[in-house]
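First comes the structure, then the notes that go with it.
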Amino acid sequence: QQVNQFYKGNTTVLCHSMGSRFFEGMLHDQTILPVFQHVILFSADLSSDTSDPGFVSILNATKHISIFQHRKDKPLLISSRVHGNNRMGRTGPEPAIANLITIYDMTDHIHGFQNHAHINKKWVKEKLITQLF
């Protein structure tokens, strides 16, 4: 809240994997939500259910969300089995929410063994630059 307040809400938050769960939990515990300019969820280990109270906290705390998903993300496949639901970084938001969320599907552009940590790849960097500047 202090960082966001210092920058007058012109703050972008980028979370990777379980960092998304930490961020979601942190917001869920707040009585007054800060309003961020943008939240980027990369390989998010969150429930894909957009009505989930934790995700609703993120929705209420930002003007825009970008989701980077990979439909062949192996760690999120395991997480979906552990948690008993689809994970946002693998399937995207269910149901999709128009106008507030931009989805970047990395599946056809990024290839690897786990398909989970591709934040340093050229295709991803190009998309991030358009979101950040």
Partners passing side-chain contact (heavy atoms from CB on, under 4.5 Å) against [X] (at least two apart in sequence or in another chain):
{"X": "L100", "answer": "L59, I97"}
{"X": "S20", "answer": "C15, L41, A44, L46"}
{"X": "T107", "answer": "H70, R71, K72, D105"}
{"X": "L77", "answer": "S80, R81, R90"}

All ring-ring contact (aromatic ring centres under 6.0 Å, His included) counterparts of [X], not counting sequence neighbours:
{"X": "H16", "result": "F42, H116"}
{"X": "H109", "result": "W123"}
{"X": "H111", "result": "none"}
{"X": "F55", "result": "none"}

Quick one: name the residues clustered hydrophobically with V3, using the 4.5 Å side-chain heavy-atom rule over I, L, V, M, F, W, Y, and just say none if it's on its own.
-> F6, Y7
Besides I78, the hydrophobic cluster formed by Ile, Leu, Val, Met, Phe, Trp and Tyr side chains linked at under 4.5 Å, directly or via other members, contains V82
How would you list all residue pairs meeting salt bridge (Lys or Arg N to Asp or Glu O under 4.0 Å) that involve residues 44-64, not counting sequence neighbours?
-> R21-D45, D45-R87
Pairs satisfying ring pair (Phe, Tyr, Trp, His ring centres under 6.0 Å), at least one member in residues 72-93, at least two apart |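 Residue pairs passing ring pair (Phe, Tyr, Trp, His ring centres under 6.0 Å), neighbours aside: none found.
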